Amino acid sequence: MVLTEASTVEDLHTWLDADLLRRLWPTLWLPPQLRQRWEDDFPDLAATRSSAG
C-alpha cells in the first residue's frame with residue numbers, strides 16, 4: 001500500500017524497510033506500470049524478481 005499511496009519521499013523513508021521490500025518484491029502484486037517505474041529506479045529490485053524465478 002505504501003508503494004501506491006505514499007505522497008512524499010518522507011513517507012517512503014518512514015514506512016518502507018529496504019531489506020523486506022527486496023525479499024517480498026518477487027511476490028508483491030503491483031500495477032505493471034508502478035512495478036516498472038520502481039524497477040527502472042532501483043534495478044536491484046528487478047534482479048530479485050529474475051533470481052526468484
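For reference, positions follow the sequence shown, starting with 1. Since the model is a prediction, treat every value here as computed from it, not as a measurement.
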Review item, side-chain donor-acceptor pairs of residues 28-35, under 3.5 Å, at least two apart:
from: Arg35; atom 1: NH1; to: Trp25; atom 2: O; distance (Å): 3.2
from: Arg35; atom 1: NH2; to: Leu28; atom 2: O; distance (Å): 2.3

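Grouped by direct or indirect side-chain proximity (heavy atoms under 4.5 Å, Ile/Leu/Val/Met/Phe/Trp/Tyr only), Met1 sits alone.
Legend: salt bridge (Lys or Arg N to Asp or Glu O under 4.0 Å) pairs involving residues 25-34, not counting sequence neighbours: none detected.
Partners of Arg22 by side chain to side chain contact (heavy atoms under 4.5 Å, CB included), not counting sequence neighbours, listed by chain and number: Ala18, Asp19, Asp44, Leu45, Thr48. Under the side chain to side chain donor-acceptor pair (under 3.5 Å) criterion, Asp17 pairs with no residue at all, not counting sequence neighbours. With sequence neighbours excluded, the residues that form a side chain to side chain donor-acceptor pair (under 3.5 Å) with Ser7 are Asp11.
Clustering ILVMFWY residues whenever any of their side-chain heavy atoms sit less than 4.5 angstrom apart, transitively, puts Phe42 in the very cluster that holds Leu20.
The line from CH2 of Trp38 to CG of Leu21 is 6.5 Å long, rounded to the nearest 0.5 Å. Remark: Asp41 CG to Arg37 CZ distance equals 9.0 Å, nearest 0.5 Å.
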